[in-house]
Amino acid sequence: MAITRMKLRNRTSPSTFWILFLHVILVHSLSLLQPKRVIASTLGNDTDRIALLKFKESISNKPHGMLNMWNDSVHFCSWPGIACGRHHQRIIALNFSGYNLHGTISPYVGNLSFLRSLDLTDNSFLGDIPQEVGRLFLLTGLIPQELGSLVKLSVLSVEFNNLTGGIPPSLGNISSLKMFSVAGNNLFGRVPDELGRWKSLTHFAIGPNNFSGTIPLPIYNISSMVSFSITINQLKGCLPTTIGLTLPNLQEFRVGGNKLSGIIPQSFSNSSQLQLLEISGNNFFGQVPTSLGGLRELWWLGLSGNSLRSYNLDFIESLTNCSQMEMLDLAGNNLRGVLPNSIANFSALNYLYLGGNQISGNISSGLENLANLIYLGLQLNLFNGVIPTSIGKLKNLQALYLRGNILSGRIPSSLGNLTQLSKLHLSDNNLEGSIPTKIVNCHNLQMLDISNNSLSGEIPKENFLLSSLSIYLDLSRNFFTGDLPIQVGQLMNINAIDLSENNLTGKIPETIAQCQILESLYLQGNFFRESLPSALASLKGVRYMDFSRNNLTGQIPKDLQNLQSLLYLNLSFNNLEGEVPTEGVFENTSAVSLVGNTKLCGGVPELHLQECPRKKSEKGKGMASN
């Protein structure tokens, strides 16, 4: 949970550490209600000592010699800032408040498994909070209803634990509460009406959990509310039409991943400080209110995965008044019309998600003005015409999704200018011509999918020099010709290769065995000839291979039966011959397909292949025994 836009984007701000401190302090308080572990091993003690020394190493300054006393001359439980449990001599608290420390937080802090209190206020730490810290706070069981008697409590945060049950209605008695978070647990049931008594609450976070029913209306009337988050629950109902009037101080509103319905209230425009509005993954319908354009502080607008409708996209022009907009997500709705040229006015935009609608017309060349764009998702729409060469000006672009449209023409060579690009999806269009060799300049590319188009010519060997390709390369269902270049072996980090349904010829190169990370290899529906490379047996991690419908000859490499990870092998409709192996994947008739190879023999009986002819030496032995 975060408080402001700055705190959302900068996890190392002082306020973030304040939240972390309050979180840990409460975990400590609740732990007093739980049985204590009193037995600890010597190894556990040494783990704590090493973790402290690693923490010391990550500190770049040690004012007043505070940490100089951290040495083996005394037991670490006597070191400044440390508190240990009386029975088990394990660290239960770290207090560095006001030490003026500079540096980073060592991930070794996550090894302090008995830690219950962590205070890092008034320091100057840099970098991210290590994810290892998250494993320290595992409470289990129910939220104690006795907490309702802590009438002076201002912060109650037990987020990201393993708590079950519901929210005790008694918590509504804590009239001084300002921050409440039970996010990231396994809580369920209805949200108690009694929570509406909190008249000073600024932060309310109950998701993700499994709450159902509706949010009590009094909660929507807490005028002091700054951050409201109920994401990923089973909550239903409509938002009050007056929500912007009753929550005038709202800065963050997150309700995504529920079963909410109705229209988006026009009154949101009255919450003039609103910075983040995220209602994705619900059942909202109607139109996007043009009044949202009056939210000058808005930087995140998430409306995806609803049933919003429009017959034109004029509302986008009103949103350009939100000059700080960085995230605009309208994907997965029923939006129609042509993308307006005013899209070019979102100069601060980082992420633009418009996929899964019915937007038509050409892709606006005005997109070239979005110099800060990192992600552009226009997939699964009705865009036609060519891919604008001007997209090559988006030098910060990391992901480009244009699949599932009606785009035609050639792939512009200007895409080679996108040196930060990691994901390129152009599949399921009507693109033609060859693959531009300049794509090799995209040296950060991890995923390339240009399948199901009308591309032709030879596959440039330069494509296989992209050693960054690690997720998959999919050139399937095109009209590529020629041999598979031996440079395919340079894709040593790739997980999946799909070159199926093309017109490739020649021999499958032995070098493909250099792709040691490969899990999926699909070469079916081509004209590959000669024998299968025996080196395929060295792909120890491969799980799926399909060589069906080619012109392969010779025998099946016997060592393929030693591939323990292989789950599926299709060799059907080739000209393979000889004895079929009987172990490994060849033992499972549902995992191997050999039909359409009339010269194969042997194998396990369930394959129903012809019996292999006995060798002459075997016949001779039989006659001698008679």
Side-chain angles (χ1 to χ4, degrees), residues 1-9 13 15 18-19 154-157 171-172 174-181 183 191-207 214-231 235 237-256 258 260-280 282 284 286-303 306 315 318-329:
M1 182 177 62
I3 296 177
T4 67
R5 176 185 175 196
M6 180 58 70
K7 292 163 192 170
L8 275 173
R9 293 185 289 175
S13 67
S15 297
W18 180 74
I19 293 171
S154 61
V155 176
L156 177 54
S157 175
L171 298 186
I174 311 175
S175 58
S176 60
L177 202 64
K178 293 184 178 180
M179 179 184 292
F180 178 73
S181 177
V191 179
D193 291 344
E194 288 81 354
L195 303 192
R197 299 176 189 165
W198 294 334
K199 301 305 180 185
S200 301
L201 197 71
T202 59
H203 294 78
F204 180 75
I206 62 169
T214 60
I215 294 292
L217 283 176
I219 293 180
Y220 290 118
N221 292 327
I222 303 175
S223 60
S224 57
M225 190 82 72
V226 172
S227 176
F228 181 92
S229 177
I230 62 172
T231 55
L235 296 162
C238 301
L239 299 179
T241 57
T242 58
I243 191 168
L245 299 172
T246 57
L247 300 178
N249 296 302
L250 203 60
Q251 294 181 22
E252 297 179 10
F253 188 80
R254 302 171 184 259
V255 299
N258 281 285
L260 301 173
S261 58
I263 63 171
I264 302 173
Q266 293 271 358
S267 65
F268 269 124
S269 60
N270 292 92
S271 300
S272 59
Q273 300 177 59
L274 196 61
Q275 300 174 20
L276 189 155
L277 176 59
E278 203 282 300
I279 66 171
S280 300
N282 282 286
F284 290 104
Q287 297 189 343
V288 180
T290 56
S291 60
L292 296 181
L295 297 171
R296 299 303 177 95
E297 300 294 319
L298 194 66
W299 71 277
W300 181 316
L301 179 60
L303 308 180
N306 284 287
F315 69 89
S318 67
L319 293 176
T320 59
N321 294 324
C322 308
S323 59
Q324 300 186 54
M325 186 79 74
E326 296 179 14
M327 163 79 81
L328 179 58
D329 187 359

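Only this structure's heavy atoms are used, side chains among them; waters, hydrogens and symmetry mates stay out.
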Does [X] use its side chain to pair, donor to acceptor, with the backbone of [Y] at less than 3.5 Å?
{"X": "Asn249", "Y": "Val226", "result": "no"}
{"X": "Ser267", "Y": "Thr241", "result": "yes"}
{"X": "Asn270", "Y": "Leu245", "result": "no"}
{"X": "Thr202", "Y": "Lys178", "result": "yes"}
{"X": "Ser154", "Y": "Ser176", "result": "no"}

For [X] and [Y], work out which heavy atoms get closest and say how close.
{"X": "Gly262", "Y": "Cys238", "value": "CA-SG, 4.0 Å"}
{"X": "Leu260", "Y": "Leu239", "value": "CD1-CD2, 4.4 Å"}
{"X": "Pro218", "Y": "Gly196", "value": "CB-CA, 3.8 Å"}
{"X": "Ser223", "Y": "Pro248", "value": "O-CD, 3.8 Å"}
{"X": "Tyr220", "Y": "Thr246", "value": "O-OG1, 2.7 Å"}
{"X": "Pro289", "Y": "Pro265", "value": "CG-O, 4.5 Å"}

In Å, rounded to the nearest 0.5 Å, how long is the span from [atom1] of [X] to [atom2] of [Y]?
{"X": "Leu156", "Y": "Phe180", "atom1": "CG", "atom2": "CZ", "answer": "5.5 Å"}
{"X": "Ile279", "Y": "Leu303", "atom1": "CD1", "atom2": "CG", "answer": "5.0 Å"}
{"X": "Glu297", "Y": "Gln273", "atom1": "CD", "atom2": "CD", "answer": "8.0 Å"}
{"X": "Phe284", "Y": "Ser261", "atom1": "CZ", "atom2": "OG", "answer": "7.5 Å"}
{"X": "Ser229", "Y": "Arg254", "atom1": "OG", "atom2": "CZ", "answer": "6.0 Å"}
{"X": "Leu250", "Y": "Ser224", "atom1": "CG", "atom2": "OG", "answer": "11.0 Å"}

Is there a side-chain contact between Arg296 and Asn321 in this structure, where contact means two heavy atoms from C-beta onward sitting under 4.5 Å apart? yes
Decide yes or no for Ile206 and Leu235: does some side-chain heavy atom of the first lie under 4.5 Å from some side-chain heavy atom of the second? yes
I'd like to check the side-chain hydrogen bond (donor to acceptor under 3.5 Å, both in side chains) partners of Ser271; sequence neighbours left out, ordered by chain and number. none
Applying side-chain hydrogen bond (donor to acceptor under 3.5 Å, both in side chains) to Gln266 and not counting sequence neighbours gives Ser291
Option from [options] for which side chain to side chain contact (heavy atoms under 4.5 Å, CB included) with [X] holds:
{"X": "Val191", "options": "Thr214, Ile215, Ile230", "result": "Ile215"}
{"X": "Leu301", "options": "Leu292, Leu295, Asp329", "result": "Leu292"}
{"X": "Trp300", "options": "Met325, Glu278, Gln324", "result": "Glu278"}

Taking only residues two or more places apart in sequence, or in another chain, which ones meet Phe253 in a ring-ring contact (aromatic ring centres under 6.0 Å, His included)? Phe228, Phe268
For Leu195 and Phe204: C-alpha separation, side-chain torsions, deciding distance, then whether side chain to side chain contact (heavy atoms under 4.5 Å, CB included) applies. CA-CA 10 Å; Leu195 303 192; Phe204 180 75; 4.2 Å; yes
Could you please spell out the steps behind the side chain to side chain contact (heavy atoms under 4.5 Å, CB included) verdict for Ile219 and Met225? CA-CA 9 Å; Ile219 293 180; Met225 190 82 72; 4.2 Å; yes
